[in-house]
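Remarks on the structure that follows.
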Amino acid sequence: IQYDEAIRLIEHSLSKLQETPHACVLDIRRMQQFRLELVRTRNALLPVHSLPQELLLAIWECFVYESNLKCQDGVWILAQVSKAWADVVRTSSGMWCDIGGDFSQRRIEQALWKSSERLLCLSLVNPNDDLSEKFNMLLPQAHRWLELQLAASLPEIVMTMRVMDFPALELLEMWPNWEYPLTAEPPNLLAFPKLRTLILHGIPLDWAEPLLPVGLQSLSIVNFPDGVTGPTFSQLLSLLSSVPLLQEFHLERLDLQSRALPPIGSQKPINMPNLCNIRVSHMMR
């Protein structure tokens, strides 16, 4: 409580000082630094520090992962709490495995070095001007990619995803950049032998021959713009039968091709013993 009162007093004084005309910049910086030291000292006394470090690290790694999905740098956030936390974060390789598209090149290089050959989770979802450059920075570590969320809009990225192998990748989620006329194509999915989750936003498969990894467990095909042709009913059933381990299937906003359904007797049954969750909505013919 004493620290909280002191921090509030410093913040009030700092606000008054900043409003003062011709206030000394050096005085403002000293007061800001003093406030930061008080906050870190208070935080170092919190009960959370009584938890075992292994448990703390597990919680922090989940926080960093979720922060990265929201385009936030969880490592930086944790390091601001206290010097003790910052020291742990800097020396724990598991804290550096999540890389976002908003990271600077220096921040990406730091993550690649500090993650110590651990598997990486990449969230490259903002199609900014240097996305291709950051993608190329990470490409030599493709053997370490565990999860990839990608705004696949640039031709060079689309082509690279079709010719490269990603042996450790378990989750792939792709969007096109709706501002570009380019229709993004799915990568060579057989190059992902460990792929378990595939989410495609507005990126069609080769409906005649989708060639999905047999170990796929979750498949989502959603959010297609008008005019993009979907599969026939028979092609949809063929797609499902090619992934016998599938547990979840999500199909949304997709035009099915208008062809006559085959006679009931001619349609081969499919065996999906693991399928337990099906979501189909906003379908059109």
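None of the values given here were measured: they were computed from a predicted structure.
- A continuous path of hydrophobic side-chain contacts links Trp96 to Ile77 [ILVMFWY only; heavy atoms under 4.5 Å].
- Counting only distance, with no hydrogens or angles, the side chain of Asn136 and the backbone of Ser132 share a donor-acceptor pair below 3.5 Å.
- Heavy-atom minimum distance, Ser123 versus Gln149: OG-OE1, 3.3 Å.
- For the salt bridge (Lys or Arg N to Asp or Glu O under 4.0 Å) test, no residue two or more places apart in sequence or in another chain qualifies with Arg196.
- Heavy-atom minimum distance, Asn68 versus Ile99: ND2-O, 3.2 Å.
- Although no hydrogens or angles enter the test, the distance criterion places a donor-acceptor pair under 3.5 Å between the side chain of Ser104 and the main chain of Arg107.
- Smallest separation of non-hydrogen atoms from Asp102 and Cys71: OD2-CB, 3.4 Å.
- Crowding of Glu209 atom CD: a count of heavy atoms from other residues, nucleotides or ligands under 6.0 Å not exceeding 12.
- Of all heavy-atom pairs spanning Leu112 and Met137, the tightest one is CD1-O, 4.3 Å.
- Residues Ile10 and Leu38 have side chains in contact (heavy-atom distance under 4.5 Å, counting atoms from C-beta outward).
- Within the model, atoms CG of Leu171 and CG of Leu195 stand 7.5 Å from one another, a figure rounded to the nearest 0.5 Å.
- Scanning both residues, Leu119 and Cys97, for their nearest heavy atoms gives O-CB, 3.4 Å.
- Distance alone, capped at 3.5 Å, is enough to place a donor-acceptor pair between the Lys134 side chain and the Phe103 backbone.
- Panel note: side chain Ser238, backbone Ser234; no donor-acceptor pair is recorded below 3.5 Å.
- Surrounding CZ of Phe34 are at most 12 heavy atoms belonging to other residues, nucleotides or ligands under 6.0 Å away.
- Checked by atom type, the side-chain pair Glu248/Gln217 shows no donor-acceptor distance below 3.5 Å.
- Closest approach of Pro193 to Pro167, counting heavy atoms only: CG-O, 3.9 Å.
- To the nearest 0.5 Å, atom CD of residue Glu66 and atom SG of residue Cys62 are 7.5 Å apart.
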### Message
Show, in sequence, the C-alpha distance, side-chain angles and deciding distance for Asp27 and Met31, and conclude whether the side-chain contact (heavy atoms from CB on, under 4.5 Å) test is met.
### Response
CA-CA 6 Å; Asp27 289 341; Met31 192 170 291; over 6 Å; no

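- Judged by distance alone, with hydrogens and angles left aside, the side-chain atoms of Ser242 form a donor-acceptor pair with the main-chain N or O of Leu239 at under 3.5 Å.
- Within the 3.5 Å criterion, the main-chain N or O of Met95 finds no donor-acceptor partner in the side chain of Ser92.
- Taking the charged nitrogens against the carboxylate oxygens, Arg35 and Glu11 do have a contact shorter than 4.0 Å, which makes a salt bridge.
- Distance alone, capped at 3.5 Å, places no donor-acceptor pair between the Trp175 side chain and the Ile203 backbone.
- Ring pair Phe192/Phe166 is parallel by interplanar angle, where below 30° counts as parallel and above 60° as perpendicular.
- Checked against the 6.0 Å centroid criterion, the rings of Trp85 and Trp60 qualify as a close aromatic pair.
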